[in-house]
Chemist: 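One structure coming up, written as structure tokens, with questions to follow.
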Protein chains: 2
Amino acid sequence: MNIKQAAEMFDLTVDTLRYYERVGVIPPVHRNENGYRDYTTSDLNWIYLVKNLRNAGLSVESLIEFATLAQFRETQNVEEAQKQVLRDQLKELNEKLAEMNRVRDLLVYKIETYDEHIAKFKTGEMNSENVEKLWERKSD
Amino acid sequence: MNIKQAAEMFDLTVDTLRYYERVGVIPPVHRNENGYRDYTTSDLNWIYLVKNLRNAGLSVESLIEFATLAQFRETQNVEEAQKQVLRDQLKELNEKLAEMNRVRDLLVYKIETYDEHIAKFKTGEMNSENVEKLWERKSD
DNA sequence: TCTTTCCTTGGAGTTTACTCCAATGTTTAT
DNA sequence: ATAAACATTGGAGTAAACTCCAAGGAAAGA
């Protein structure tokens with residue numbers, strides 16, 4: 001499968017796919033005689049996992065760590081090392097989930113109470129002067 | 001309370017606090033006779049909420065939308081409009097949570113099965129050539 | 001064959017969210 | 001009174017993660 005098809009498959013751009021390969025988020029993809037990338041099922045599986053982990057908020061850097069780990073550890077236990085990285089990322093993810101659940105509860109509380117500190121804006125202390133660039137509509 | 005104390009209270013820098021005010025994430029803070037900011041409890045409550053929502057992954061842009069909404073709607077129902085924005089952010093948050101839960105399940109599955117596409121790295125297809133900048137250790 | 005559409009690379013540009021700096025003024029400590 | 005430690009602003013710089021571009025080669029359709 002060529003790069004365009006692979007990109008479409010995961011709703012990524014070809015640039016992103018090349019970028020991921022360049023920085024080491026996904027392993028080097030095999031090329032045909034003209035140097036064109038030819039994505040295998042294995043490659044597509046990688047991309048699928050990477051896309052999911054990125055969506056979940058994991059950094060490109062930690063995905064690179066996962067992807068390159070095997071090369072830089074002089075260990076017999078590459079598989080175990082890699083599984084450990086996945087476990088680390090799972091732990092990260094679980095922590096993020098816990099934090100987000102906490103914030104959701106806070107938000108629910110704020111909506112229910114709509115308390116004084118939210119009502120501050122009613123006093124007109126907020127104005128367009130205060131807004132640097134977004135919603136550029138000064139005095140219309 | 002001065003800006004340094006406020007920053008310390010939430011483990012933010014004074015620059016970040018000024019930045020938030022400048023772009024409209026928090027309302028303008030009252031100044032004393034010399035133009036120094038003096039944070040009220042209301043301001044601190046704002047900062048607390050903002051910090052939490054940022055931690056949960058909401059963008060600065062959407063926080064600005066929340067903060068400035070009241071000014072740009074010629075509505076009597078400012079409170080209702082603001083509550084609606086909070087509800088929208090809650091919805092966003094819930095969607096993110098659902099997605100992250102899904103990814104967590106995927107990760108658990110990958111760890112359990114450690115399947116073929118992860119094992120690809122064992123073949124040595126990954127090398128330092130592939131790693132652009134991180135872990136800069138080309139043949140040491 | 002020619003035009004369109006793909007592919008390659010290296011490198012430059014963009015966006016988001018800060019983060020730092022210079023120049024300058026104020027408050028606090030010695 | 002003078003130094004240290006605060007404060008202010010406008011604007012420049014930075015890191016992460018793309019995103020775009022130029023120059024050129026390859027493949028597929030009319």
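Below, chain A is the first sequence line, B the second, and so on; all start at residue 1. FYI, side chains are in, hydrogens and waters are out, and symmetry mates aren't considered; it's all heavy atoms of this structure.
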Chemist: Please report the C-alpha distance between F10(A) and W46(A) in whole Å, then the side-chain angles of each, then the deciding distance to 0.1 Å, and finally whether the ring pair (Phe, Tyr, Trp, His ring centres under 6.0 Å) criterion is met.
Modeler: CA-CA 11 Å; F10(A) 297 105; W46(A) 259 103; over 10 Å; no
Chemist: OP1 or OP2 of dT8(D) sitting under 4.0 Å from any side-chain N/O of R37(B)?
Modeler: yes
Chemist: Is Y20(A) near enough to dC18(D) that one of its side-chain N or O atoms lies under 4.0 angstrom from OP1 or OP2?
Modeler: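 Yes, because at least one side-chain N or O of Y20(A) sits under 4.0 Å from OP1 or OP2 of dC18(D).
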Chemist: Who are the salt bridge (Lys or Arg N to Asp or Glu O under 4.0 Å) partners of R37(B), not counting sequence neighbours?
Modeler: E21(B)
Chemist: What's the CG-P distance between L12(B) and dT19(C), to the nearest Å?
Modeler: 9 Å
Chemist: Could you tell me whether the side chains of N55(B) and R102(A) share a donor-acceptor contact shorter than 3.5 Å?
Modeler: no
Chemist: Within the 4.0 Å limit for protein heavy atoms, which parts of nucleotides 25-30 of chain C are touched? Write it as a string from 5' to 3', B for base, S for sugar-phosphate only, - for none.
Modeler: BSS---
Chemist: List in chain and number order the residues that pass side chain to side chain contact (heavy atoms under 4.5 Å, CB included) with N32(B), two or more places apart in sequence or in another chain; answer none if no residue qualifies.
Modeler: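 For N32(B), the residues satisfying side chain to side chain contact (heavy atoms under 4.5 Å, CB included) (neighbours in sequence not counted) are N34(B), Y36(B).
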Chemist: Provide the closest heavy-atom pair for L63(A) versus L53(A) in the form atom of the first, atom of the second, distance.
Modeler: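 Scanning both residues, the minimum pair turns out to be CD2-CD1, 3.6 Å.
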Chemist: When the nearest nucleotide of DNA chain D is assigned to I3(B) and to S59(A) on a heavy-atom basis, which residue is associated with the more 5' position?
Modeler: I3(B)
Chemist: Identify every side-chain donor-acceptor pair in residues 2-9 of chain A under 3.5 Å, counting partners at least two apart or on other chains, and give the distances.
Modeler:
unit_1	atom_1	unit_2	atom_2	d
N2(A)	OD1	K4(A)	N	3.2
N2(A)	OD1	Q5(A)	N	2.9
Q5(A)	OE1	N2(A)	N	3.2

Chemist: What is the separation between atom CG on D38(A) and atom P on dA26(D), rounded to the nearest whole Å?
Modeler: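 Distance check: D38(A) CG to dA26(D) P gives 17 Å.
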Chemist: Atom OH of Y39(B) to atom C1' of dC6(D): distance rounded to whole Å?
Modeler: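 After rounding, the gap between these two atoms is 14 Å.
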Chemist: Would you please say whether a donor-acceptor pair under 3.5 Å links the side chains of T40(B) and D43(B)?
Modeler: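 Yes, side-chain donor-acceptor contact under 3.5 Å.
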Chemist: Mapping R31(B) and R54(A) onto DNA chain D by nearest heavy atom, which one lands closer to the 5' end?
Modeler: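 Closer to the 5' end of DNA chain D: R31(B).
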Chemist: Any side-chain heavy atom of T113(B) within less than 4.5 Å of one from Y109(B)?
Modeler: yes
Chemist: When you check the phosphate oxygens OP1 and OP2 of dA7(D), does a side-chain N or O of N2(B) lie under 4.0 Å from one of them?
Modeler: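 Yes, because at least one side-chain N or O of N2(B) sits under 4.0 Å from OP1 or OP2 of dA7(D).
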Chemist: Figure out the CD/P separation between E21(B) and dC18(C), and round it to whole Å.
Modeler: 15 Å
Chemist: All N/O contacts under 3.5 Å from nucleotides 19-21 of chain D to the protein, with atom names and distances to one decimal?
Modeler:
unit_1	atom_1	unit_2	atom_2	d
dC20(D)	N4	D15(A)	OD1	3.4

Chemist: In chain order, what residues pass the side chain to side chain contact (heavy atoms under 4.5 Å, CB included) check against K96(B), with sequence neighbours excluded?
Modeler: M100(A), L58(B)
Chemist: What is the distance from CG of L17(B) to P of dA7(D), rounded to the nearest Å?
Modeler: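 Checked: the CG to P distance equals 11 Å.
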Chemist: Output the rounded distance in Å from CG (N55(A)) to P (dC18(D)).
Modeler: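 After rounding, the gap between these two atoms is 10 Å.
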